[in-house]
Every structure is written in structure tokens, then in C-alpha cells.
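Residue indices begin at 1 and follow the sequence shown. Only heavy atoms go into these numbers, but all of them, side chains included; no hydrogens, no water, no symmetry mates.
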Amino acid sequence: MPVKNETSTRFKDEIRIISPWAYFFAFLGFATAGAAIVFAALTDRTGDRFYTLPVLLPVGLLGGIIIACYALLIGYVNGDAARRGMSRLGWTLLAIFIPHALGIVLYFVLRKPRTLNCPQCSATVELGFGFCPRCRCRLNAVCPKCQRGVNASDKFCPYCGCDFGASVNPVSVPVPSQS
């Protein structure tokens with residue numbers, strides 16, 4: 001069985017790593033912005049047209065959306081840092097306390113690449129590994145003639161032209177030790 005593609009970039013898969021506390025703070029920030037706008041509109045005694053509810057409502061919605069998105073991004077940084085084997089607390093604090101969302105931008109620029117798990121022994125392996133360092137399980141398909149990496153769906157080797165025929169390249173099979 002081939003290595004699961006852990007680098008999926010489907011949006012719903014990425015949303016799942018945001019923890020529930022981030023959703024709570026996002027809702028709280030959105031509600032607070034809305035409540036502040038309603039409070040400002042109801043307590044205005046100046047008669048200024050800017051402080052009417054129809055004018056302030058879009059401002060409150062936009063402010064609430066910005067606060068909610070910021071809270072969700074911090075929650076994403078927290079979950080993604082743990083998934084990538086980075087310091088969860090350190091990156092979360094940087095994302096919170098570096099102003100103007102620069103901490104979040106720094107996280108996305110400096111984050112480590114994701115790792116995969118070996119299908120045989122569940123050891124952590126890096127993305128480009130051909131074999132598991134723990135159990136020597138083959139992680140990627142190779143040409144039987146030139147031993148270069150190929151796609152499992154290839155019919156011919158792009159390097160030496162070897163015909164794979166109807167057989168599929170073996171992936172994730174233990175390699176016998178050469179002792």
C-alpha cells in the first residue's frame with residue numbers, strides 16, 4: 001500500500017485542525033464588535049449621523065469578521081505547528097503578540113514541511129524519502145531496471161524507457177537486508 005498523501009491541501013482538511021477554543025474566541029470577538037457598535041449607536045447623544053445604526057452596522061460587521069479571522073488564524077497556527085513538529089506554544093505566542101499579523105505571516109514563511117508516516121511501522125518520514133529509515137519499507141515506486149523514482153501510474157520509465165507492462169510498481173514492500 002502506498003504512503004498516504006499527507007500533503008492534501010483541501011480546505012476542509014485544513015479547517016479541521018483549528019481547535020474548538022479558536023472558534024469560541026472567534027465568535028466572542030465577532031459578538032463583541034457587534035455589541036460595541038450597537039452600544040455606540042444607542043448611547044450617542046451628539047446627533048451625529050455617523051453614529052446611527054445603519055451606518056455603524058457595516059463597520060461592526062467588518063470589524064467582527066476581521067477579529068474572527070484573526071482568532072481563527074491563530075488557532076490554525078497552533079494546530080499546524082503541532083502537526084509539523086514545531087513548538088505549538090512558541091508559534092502561537094508569536095502569532096498573537098507580534099503586531100499587525102506579522103507573526104502569522106512569519107509562521108507561514110518559516111514553517112517546516114509536513115512529514116509522512118510509514119504505512120508499515122508508522123514511523124515519521126520526510127516527504128522525499130524513498131525508504132523508511134526504521135523498517136526499510138519502500139515508500140515510492142522505482143523502475144526495476146534503473147532504480148530511479150517513478151510514478152506508480154507510469155507505464156514506461158521516463159529515464160531508461162523500461163516497459164512496466166501490466167504490472168504496477170511495488171510500493172511499500174519491505175526491502176530485504178543486504179547483509
> Does the pair D80 and R111 meet the rule for a salt bridge (Lys or Arg N to Asp or Glu O under 4.0 Å), with working shown?
Replying inline: CA-CA 9 Å; D80 191 51; R111 67 184 178 170; 2.9 Å; yes

>> Applying side chain to side chain contact (heavy atoms under 4.5 Å, CB included) to R83 and I17, what does each step give before you reach the verdict?
In response: CA-CA 9 Å; R83 179 174 65 169; I17 70 167; 3.9 Å; yes

>> I'd like to know whether V77 forms a side chain to side chain contact (heavy atoms under 4.5 Å, CB included) with L73, so could you lay out the CA-CA distance, the side-chain angles of the two residues, the decisive distance to 0.1 Å, and finally the verdict.
In response: CA-CA 6 Å; V77 166; L73 274 171; 5.6 Å; no

Name the atoms and distances for all side-chain donor-acceptor pairs under 3.5 Å in residues 21-30, with sequence neighbours left out.
{"unit_1": "W21", "atom_1": "NE1", "unit_2": "S19", "atom_2": "OG", "d": "2.4"}
{"unit_1": "Y23", "atom_1": "OH", "unit_2": "I15", "atom_2": "O", "d": "3.4"}

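Summarising the geometry of G60 relative to I37, their closest heavy-atom pair is CA-CG1, 3.2 Å, with the distance given to 0.1 Å. Taking each heavy atom of V125 and C118 in turn, the nearest pair found is CG2-N, 4.3 Å. The shortest heavy-atom contact between C143 and V150 is N-CG2, 4.0 Å. Shortest non-hydrogen contact noted between V59 and V55 is CG2-O, 3.8 Å. Between R88 and G79, the shortest heavy-atom distance links the atoms NH2-CA, 4.0 Å.
Taking SG of C160 as the reference point, atom NZ of K145 lies at 5.0 Å (rounded to 0.5 Å). Rounding to the nearest 0.5 Å gives a distance of 7.5 Å between CZ of R148 and SG of C157. Taken to the nearest 0.5 Å, the CZ atom of F39 stands 13.5 Å off from the OG1 atom of T32. With rounding to the nearest 0.5 Å, the separation of OG1 in T92 from CD1 in I104 is 10.0 Å. Between the CG atom of N78 and the CD1 atom of I74 there is a distance of 9.5 Å, given to the nearest 0.5 Å. Interatomic distance, CH2 of W91 versus CE of M86, reported as 5.0 Å (0.5 Å rounding).
The environment of F108 atom CZ is dense: over 12 non-hydrogen atoms of other residues, nucleotides or ligands sit within 6.0 angstrom.
Listed by chain and residue number, C121, A123, C132 satisfy the side chain to side chain contact (heavy atoms under 4.5 Å, CB included) test with R134 (two or more places apart in sequence, or in another chain).
Note: the hydrophobic cluster containing I98 also contains Y107 (ILVMFWY, side chain heavy atoms under 4.5 Å, direct or indirect links). Criterion: ILVMFWY side-chain heavy atoms under 4.5 Å apart, direct or through other members. Under it, I96 and L94 are part of a common hydrophobic cluster. Residues F97 and Y70 share a single hydrophobic cluster, defined by chaining ILVMFWY side chains whose heavy atoms lie under 4.5 Å apart. Under the 4.5 Å side-chain heavy-atom criterion for grouping Ile, Leu, Val, Met, Phe, Trp and Tyr, L102 is connected to L72 within one hydrophobic cluster.
Residues C146 and C162 have side chains not in contact (no heavy-atom distance under 4.5 Å, counting atoms from C-beta outward).
Distance alone, capped at 3.5 Å, places no donor-acceptor pair between the R138 side chain and the F131 backbone.
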